[in-house]
Amino acid sequence: MKFRVERDALADAVAWTAKSLPSRPSVPVLAGVLLRVTDGRLQVSGFDYEVSSQVTVEVQADADGAALVSGRLLAEITKALPGKPVDIAAVGAHLELVCGSARFTLPTMPVEDYPTLPEMPSSAGTIDAATFASAVSQVAIAAGRDETLPMMTGVRLELNGSSIALLATDRYRLAMREIEWTPEDPEISLNALVPAKTLNDTAKALGPIGGAVTLALAQGSAGEGMIGFAGGARRTTSRLLDGANYPPVRSLFPASHNAEARVAVSALVEVVRRVALVAERTTPVLLSFSEDGLVVEAGGTEEARASEAMEAEFTGEPLTIGFNPQYLIDGLQNLGAPTAMLSFVDAFKPAVISPAGESGEIIPGYRYLIMPIRVTR
Amino acid sequence: MILHADLDSFYASVEQRDDPALRGRPVLVGGGVVLAASYEAKEFGVRTPMALGRARALCPHAVVVPPRMAAYAAASKAVFEVFRDTTPLVEPISIDEAFLDVEGLRRIRGRPEEIAIGLRAEVRARTGLPITVGVAPTKFLAKVASGAGKPDGLLVVPPGRELEFLHPLPVEKLWGVGPVTATRLRERQIHTVGHVARIGEAALIAMLGVNAGRHLHALAHNHDPRRVETGRRRGSIGAQCALGRSGPRGFPEVEAVLGALVDRVTQRMRRAHRAGRTITLRLRFGDFSRATRSRSLLKATMQTGAVLRTAVDLLREAWPLIGERGLTLVGVAVSNLDGDGAVQMELPFEPPRADGLDAAVDRVRDRFGSGSLRRAAMIGRDISPSVPLLPD
């Protein structure tokens, strides 16, 4: 194997592939990235039996072949290289890398021990890359991080005809986004539970490339339990989580509300951040809404207290409701709109945050449900 | 200055107050075990808790009366009203004991010893009960002082003379020194608090470990920075039951007792609106050594079913050990209680679970008394009546 490649193309490819490599691999070869040159193209691949990622890069190939090297080391090296063409060659049990006057010799691992990457499942349709990236980031924030509840660590994709709903919840908040896409089968009706971290990393990497992202989902036998994403020269596959018993979360959105408030998102985020400085880990920020506007307050168990008043357009009976400040900020920051519409049933029922335009009209497509902190005094 | 107010032989005093025939006579309150003994009985060497048979042997002419928990709860409430009329800074410790901070009252109500004298008179006048008050600059010393001032007394440790009072006391008086630490100290010929104070922190740490060493060093020099805390909430809610020699032996029987205890605990939790995550099973073996087993749930609960399942699992796991060592007490406690009334609620994925039974049972018991409804496994049997407690 011998080829010449542009420094940036190589660094991007290796960085992205290496990011999904396990930090403590079950077998040493899984810490490697596989470099394979065929037909003038370099494929950079990583795999940990859960997630696979692969990038194809155009190179000037002198000789086909493959080599397996430490992913983390190669990523660090390529990141630090000067902006010059990189020459890479497999020499015996080593990889030689030359860039300008810098020269590296890296040990390789046996390619034949490396597992075969799973095939991409067949394509289910395409989504605009930027829309996909923003939708995923809006929803993945609400996914759980507690590995003892695997179902909560996923983002649920509900594919129905030309719309996709993305849903995630960690039991305390729930985010839902609906987007349009172009399915292969206009009658498609499929659900998949994708690990939130993988989905988020993938969407973040594919978004800036632009164009369309192909969503590949196996229906039937081959590649069952697997989902694939492809955009530009990148593709990722991931094993799905078992979502058979995913709770019927859509029904959690209250059918009606008794009060609603329109608040400027950036102002509320700032106020909550400031006031929450005195809140302790388990204590809420309290939002008191009335015709006069909104007062945000917090207090620790010690004597530190804070409060701040701000403008809010409120209709309904005056209401005081407590929230985990971080959950509130997460929801507000992901609205992608200047105004937040908060709707309430009462202080003990889930509140809904929806994005709204400058003039207060609700922008459909995204909703963030947040469960209050019950405060008894 | 801090007051430690402690009712003398509380249950027994209430009995003597309510039945003039008992006054001046040795009185034992309890069933199989002595829960309280009047000072007349204590003179004969009766201690609490002690098996009733043994107490009778020590004091054959004692009058034994069954406990009347409702009367004690009412008396406690009346006494705490006197405390709260004296100062707003009252830290309850148990139903018959509290710390009172009177430092800020010099201008309005006089010097601490004057307040203490007034408090004792007021408790006597309004409730008819004897109370001992210790007065000192720290909580620890105030408690030691009330212990030394008993019965029906007042002991003031004036500022500047704390160490003079403290140092001649035996090491057991130090808060945190139980039989094990006391033995360790006495083995080294350390018998008094003064000696503990002299040997230095480093030596104490070497002897007892970092925490205990530092703690005892500080106490022996009367360093106790704890303030009188008024709003402190209970950290756990529990109940226990001593099992006599003729008590339950088989798993189903102990399980039934545990069920009754859990009933009691979860009902209290629901009344106080406090959910907890950690379930602890308390065991006392045949040789009176103790052990605990605990497990935390994913989600805080106040449901009888959830707490009982966990408690029974713990009991099943400990059963082989119990088989070897015997069982003389079983208890259950729920801790990790929701902090300060702020609870992050969960999204209701499932419709509200079978809370209905708990609510129905609570209502029946509230209306017709706690004995009106019991588990079938407990029919014809009883666990000791629940003792009066501070509000949860």
Side-chain angles (χ1 to χ4, degrees), chain A residues 142 144 146-149 151-152 167-176 245-254 279-286 297-303 320-328 345-352 368-377, chain B residues 88-89 91 101 104 225-237 266-279 295-303 306 310 313 334-355 359 362 391-392:
Chain A
D146 182 355
E147 297 292 337
T148 59
L149 296 167
M151 205 157 52
M152 299 287 125
L167 296 138
T169 177
D170 62 0
R171 294 181 293 160
Y172 307 115
R173 61 249 174 94
L174 163 68
M176 178 165 113
N245 298 313
Y246 202 79
V249 293
R250 276 165 185 267
S251 62
L252 294 174
F253 287 101
E280 284 162 20
R281 207 170 53 84
T282 54
T283 58
V285 289
L286 292 178
E297 34 181 349
T301 48
E302 296 298 313
E303 280 158 14
T320 296
I321 188 166
F323 292 115
N324 173 314
Q326 192 54 50
Y327 293 171
L328 188 58
V345 177
D346 61 37
F348 308 104
K349 298 269 164 47
V352 182
Y368 184 86
L369 189 68
I370 174 170
M371 203 62 190
I373 290 183
R374 188 184 67 216
V375 185
T376 44
R377 292 187 172 177
Chain B
L89 299 179
E91 178 181 334
D101 187 339
R226 294 174 301 156
R227 292 193 300 184
V228 171
E229 290 176 51
T230 48
R232 212 168 46 164
R233 301 192 74 184
R234 185 183 285 285
S236 75
I237 294 179
T266 49
Q267 191 173 10
R268 275 173 60 199
M269 294 173 73
R270 290 190 291 270
R271 248 185 223 152
H273 298 289
R274 300 193 73 187
R277 273 191 58 214
T278 305
I279 322 293
R295 178 159 304 153
S296 292
L297 307 173
L298 268 180
K299 174 175 163 10
T301 184
M302 48 176 97
Q303 287 176 30
T310 311
D313 284 349
V334 182
S335 57
N336 237 325
L337 299 173
D338 297 336
D340 282 328
V343 185
Q344 171 65 62
M345 293 189 282
E346 292 187 12
L347 289 165
F349 288 154
E350 296 146 35
R353 272 152 294 191
D355 285 334
D362 287 354
D392 297 314

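All chains are named by letter (A, B, ...) in the order of the sequence lines, taking the proteins before the strands, and each is independently numbered beginning at 1. Just so it is clear, the structure is predicted and the values come from calculations on it, not from any experiment. Atom set for the values below is all heavy atoms of this structure, side chains included, hydrogens, waters and symmetry mates excluded.
- Ranked by non-hydrogen atom pairs under 4.5 Å with chain B, the options A:L174, A:T169, A:D146 are led by A:T169.
- When every heavy atom of A:D170 is checked against every heavy atom of A:R173, the shortest pair comes out as OD2-NE, 2.8 Å.
- Heavy-atom minimum distance, B:L337 versus B:R274: CB-NH2, 3.6 Å.
- There is no contact between A:I370 and chain B, counting heavy-atom distances below 4.5 Å.
- Only the side chain of A:P350 comes within less than 4.5 Å of a heavy atom of chain B; its backbone N, CA, C and O stay farther away.
- The shortest non-hydrogen separation linking A:P254 to A:V345 is CB-CG2, 3.7 Å.
- Contacts of A:F323 with chain B are absent, with no heavy-atom separation under 4.5 Å from either backbone or side chain.
- When all heavy atoms of A:A347 and B:M345 are compared, the closest pair comes out as O-CE, 4.1 Å.
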